[in-house]
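First up is the structure itself, then whatever we jot down about it.
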Protein chains: 2
Amino acid sequence: MVSVRDDLSDAEHNAILAAAGASRRFAAGKDIVTQGDRPGFSTLVVKGMTARYSTVEDGGRQITGLHIAGDFVDLHSFPLQLMDHSVTAITPCEVVTFPHQQLMHITENYPHLTRVLWLLTLLDGAIHRQWMVTKGRLTADEQMAHLFCEQFVRAQMAGLANAQSYPFPLTQAQFGDALGLSIVHTNRTLQRLRRTGALEWEDGVVEIFDWPQLRELGQFDPTYLHLEKLRR
Amino acid sequence: MVSVRDDLSDAEHNAILAAAGASRRFAAGKDIVTQGDRPGFSTLVVKGMTARYSTVEDGGRQITGLHIAGDFVDLHSFPLQLMDHSVTAITPCEVVTFPHQQLMHITENYPHLTRVLWLLTLLDGAIHRQWMVTKGRLTADEQMAHLFCEQFVRAQMAGLANAQSYPFPLTQAQFGDALGLSIVHTNRTLQRLRRTGALEWEDGVVEIFDWPQLRELGQFDPTYLHLEKLRR
DNA sequence: CGCACAATTGACACCAATCAACCCGCGTGG
DNA sequence: CCACGCGGGTTGATTGGTGTCAATTGTGCG
């Protein structure tokens, strides 16, 4: 979402580059971090799409976040240490790890950069709250429209979107896990959305035909994505 | 939840005390911060219960978090500035404000204390994720049992609980807004829970009769509350 | 006394989960 | 080459959970 380079001085930029550790690749479907881990480093997505998820007793899975290039998927594990959920690769992924020791050095020496990292985790929290609202108080159609809107804006911010389309390489089952819906109902809801003519979703690409209508359907207001600049 | 004094050195403790600003009181039902505000300070609850919430077009309300004594309700507004949701007083509340200028001073001079503040916001995020999971993948009964469990543990951590009971001063309508259920269904779900004999909820107090059963019902695993200590 | 609010109950409609098929494209092995 | 399995998508039928509408009770308070 927000590139970590935003608003950074040269010194800060160099510090974050120096903190980067190993590059790693993950095949689609592989876990990048697993619930219960104490990873010792945090992971920045460089290429591909990842999902945070938790499972429940009956085997159900809930995806609690989707992350694309430029997102830290587990920056919270730096202060919290223990992973309370898993992160999996939706597509083949390329990531860079940031050892917590290096992040510690940053927090000891670069207060503004520390606030930027803090802010990145707060954006996740803001998105979490919005998902709670859509899950709790919107219909399946509205919720789905909202998620399509959100992902469009986030893809734009990451520079991954075209004027009217963006990559969205989920299966409908995964999409349903993010929405908290069954596969069947996800499929039917998607078909209703398609019939509105607001969008199409094919071959991992969402194409928006009628943005005002989609935004209206999903009651989408991007304020919670905090597109404005960070306080220095 | 976690008292901000945990793990703090004397110097850090003094710094946080020095950062405290005005004390304020709010009557039940009054907003402490409102969506769209740029408060310029963050608010720590000293007494009473507060709720974060957002509203949707049809007038529906979703409560995205409940906060008790010891919780910062809008610490995220320090890095993010703009409030993307509102916070209201469930009961009469006493709070202390921390001017962002003072928090800025802390982040410039107390790296470990900064990480503690960061951690507090990350705990909110972890709870958000858990709420998403219960909303998306558990039944109303399970979700309600889970919330009762969570609130019990959090009340214990704040020193507000007795051995088997804790204050829970919501109306059923507010409780339903937190669960994402209608008032009627909230009431019926509560009655089913009561009939299990696991708990009672009367006059703003929850009394737990059968903790193992309640925990089992709600599939409650407190890992996500990160009860362990912060990395120094 | 009258009123507002919280809790509760019944009847009903509807949204979404489940179960069960089926189609399709693709890769693989006989 | 073809049969087969498999994952992803789609559809129909049915069930069940949840929302909505409406009404009632009880309580506290002006």
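By convention in this document, chain letters (A, B, ...) are assigned in the order of the sequence lines, proteins followed by strands, and residues within each chain are numbered from 1. Everything numeric here is computed off the predicted structure, so don't read it as measured data.
Checking the phosphate oxygens (OP1, OP2) of C:dA7, no side-chain nitrogen or oxygen of B:Gln191 falls inside 4.0 Å. Taking 4.0 angstrom as the limit, A:Arg192 places none of its side-chain polar atoms (N or O) nearer than this to OP1 or OP2 of D:dT10. When the side-chain nitrogen and oxygen atoms of B:Asn187 are compared with OP1 and OP2 of C:dA7, none of them lie within a distance under 4.0 Å.
Whole-Å rounding puts the B:Asp203 CG to D:dG28 C1' distance at 13 Å. At whole-Å resolution of the value, CG in A:Asp141 and P in C:dA16 are 7 Å apart. In this entry the distance linking CZ of A:Arg195 with C1' of D:dT11 reads 12 Å, nearest Å. A straight line from CG of A:Asp58 to P of C:dA17 spans 12 Å, rounded to a whole angstrom. Across the protein-nucleic acid pair, B:Leu181 atom CG and C:dC15 atom C1' stand 14 Å apart, rounded to whole Å. Going from atom CD of B:Gln174 over to atom P of C:dA7 covers 9 Å, rounded to whole Å. Atom CD1 of B:Ile183 is separated from atom P of C:dT9 by 15 Å (rounded to the nearest Å). For the pair B:Glu142 CD and D:dG17 P, the computed distance is 11 Å after rounding to whole Å.
Annotation: of the two residues near DNA chain D, A:Thr171 and A:Arg137, the 5′-most nearest-nucleotide partner is A:Thr171.
Residue B:Arg188 places no side-chain atom within donor-acceptor reach of the base of D:dG17, judged by atom type and a 3.5 Å distance cut-off alone.
Closest to the B:Val184 side chain, of the nucleotides C:dT9, D:dT10, C:dA17, is C:dT9. Checking C:dA7, D:dG12, D:dT18 against every side-chain atom of B:Ala140, the shortest atom distance belongs to D:dT18.
Partner of A:Asp141 under the salt bridge (Lys or Arg N to Asp or Glu O under 4.0 Å) criterion, out of A:Arg194, A:Arg192, A:Arg188, A:Arg195: A:Arg192 alone.
With rounding to the nearest 0.5 angstrom, the CD atom of B:Glu207 is 11.5 Å from the OH atom of B:Tyr166. Rounding to the nearest 0.5 Å gives a distance of 7.5 Å between OG of A:Ser165 and CZ of A:Phe152.
Geometric assessment of B:Arg215 against the ring of B:Phe220 yields a negative cation-pi assignment under the 6.0 Å and 45° thresholds.
Residue contacts shown for B:Ser182 include a base, since a base heavy atom lies under 4.0 Å away. Using a 4.0 Å heavy-atom distance criterion, B:Gly180 is classed as a sugar-phosphate-only contact.
Using a 4.5 Å heavy-atom cutoff, the side chains of B:Asp84 and A:His226 are in contact.
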